[in-house]
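Everything on this sheet refers to the single structure shown next.
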Amino acid sequence: CPVCLGLPGALPVMNEEAIRLAVRAGLAIDCSIPPMTKWDRKHYFYPDLPKGYQISQFDLPICADGFLEIADEENPDDVRHIGIIRAHLEEDAGKSLHGNFHGMTGIDLNRAGIPLLEIVSEPDLRSPREASAYLRALRSILRYIGVSDADMEKGQFRCDANVSIRRRGSEQFGTRTEIKNLNSFNHVEDAIEAEALRQLELVEDGGEVVQATMGYDPERRRTSVMRLKENADDYRYFPDPDLIPLRIDPARIEAIRKELPELPEEKRARFESEYGLSA
């Protein structure tokens, strides 16, 4: 569309249904919905966003302070509480294609500008398997409440995994790296394992982990540096001048809450108690 292609004079507009679905998702993961939210521009070189910036949310996300509980498959009574820092709306970028272009990169713009909900968890996950369990639980909820089909193979549900290592007993986290755009549960587990091993070997050889954005090659089962990590300062956030701040009526939030179905964990607990089923 003209907005996604960055054509002169094309101005973005808010998507009411995306806002409703974001609130619905936030409530399902026990987030609070603040009375006001706003939109920010993130200026950064995106080869797959022709207009040269991304519309996102910086300091006032639409959802904040939630949590998700995950159970260990082998020990269902071992439930872990995973904090969720925020969920914010932004626009998706296009997709860079690296195959069969003879030294060039192709760009698929079909998803540029589509509403995207980015859910950011606390650093509470301790293993590749826990990360996979968290994502499976999250996908199950999003499907249950009709927010997304969340098919990983179609790019509807993707993961950026932040990985750091620390000495046993240490309270302080090590320097983290971010593995971008993992699109299967197996890739998530394998990539986290490969990156943790890379960091471990680096530290044991006397080196230092540098904050960076990593790519994962599933054929070689190796991670590699794509770019040194940018910080929020590099994005040059500022309030979007085309989209006004948004106030969501508390009555509207409560109406969305009442529409939520029974969630997967609630249903599982009810089946166990009412029907005496095992986990």
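Atom set for the values below is all heavy atoms of this structure, side chains included, hydrogens, waters and symmetry mates excluded.
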(Q) According to ring pair (Phe, Tyr, Trp, His ring centres under 6.0 Å), who are the partners of F271, at least two apart in sequence or on a separate chain? (A) Y275
Q: Among residues two or more places apart or on two chains, list those pairs meeting salt bridge (charged side-chain N to carboxylate O under 4.0 Å, His left out) that have a residue in residues 142-153.
A: R143-D151, D151-K154
Donor-acceptor contacts, no H, no angles, side chain residues 57-64, under 3.5 Å, sequence neighbours left out:
unit_1	atom_1	unit_2	atom_2	d
Q57	OE1	I62	N	3.3
Q57	OE1	L89	N	3.0
Q57	NE2	T37	OG1	2.5
Q57	NE2	K38	O	3.1
D59	OD1	K38	NZ	3.0

Q: Would you mind listing the cluster partners of L97? Hydrophobic ones only (ILVMFWY), side-chain contacts under 4.5 Å, chaining allowed.
A: F101, M104
**Q.** Pairs involving residues 108-127, ordered by first then second residue, that meet salt bridge (charged side-chain N to carboxylate O under 4.0 Å, His left out) (sequence neighbours left out)
**A.** D92-R111
Q: Return the set of residues passing ring pair (Phe, Tyr, Trp, His ring centres under 6.0 Å) with Y134 (not counting sequence neighbours), or none when no residue passes.
A: none
Q.
For residues 190-215, which residue pairs pass the ring pair (Phe, Tyr, Trp, His ring centres under 6.0 Å) check, not counting sequence neighbours?
A. none
In a table with atom names and distances, give each donor-acceptor pair under 3.5 Å that connects a side chain of residues 243-255 to protein atoms at least two apart or in another chain.
unit_1	atom_1	unit_2	atom_2	d
D249	OD1	A251	N	3.0
R252	NH2	E16	OE2	3.1
E254	OE1	R257	NE	3.3
E254	OE2	R257	NE	3.3
E254	OE2	R257	NH2	3.4

Return all side-chain donor-acceptor pairs below 3.5 angstrom for residues 3-15, not counting sequence neighbours, or 'none' if the list is empty.
unit_1	atom_1	unit_2	atom_2	d
N15	OD1	E17	N	3.1
N15	OD1	A18	N	3.0

Q: Identify, with sequence neighbours excluded, every residue that meets side-chain contact (heavy atoms from CB on, under 4.5 Å) alongside P50.
A: L109
Q: Output all residues satisfying ring pair (Phe, Tyr, Trp, His ring centres under 6.0 Å) with F67, sequence neighbours left out; order by chain, then residue number.
A: H81
Q: Could you list all the ring pair (Phe, Tyr, Trp, His ring centres under 6.0 Å) pairs where at least one residue sits in residues 240-264, not counting sequence neighbours?
A: none
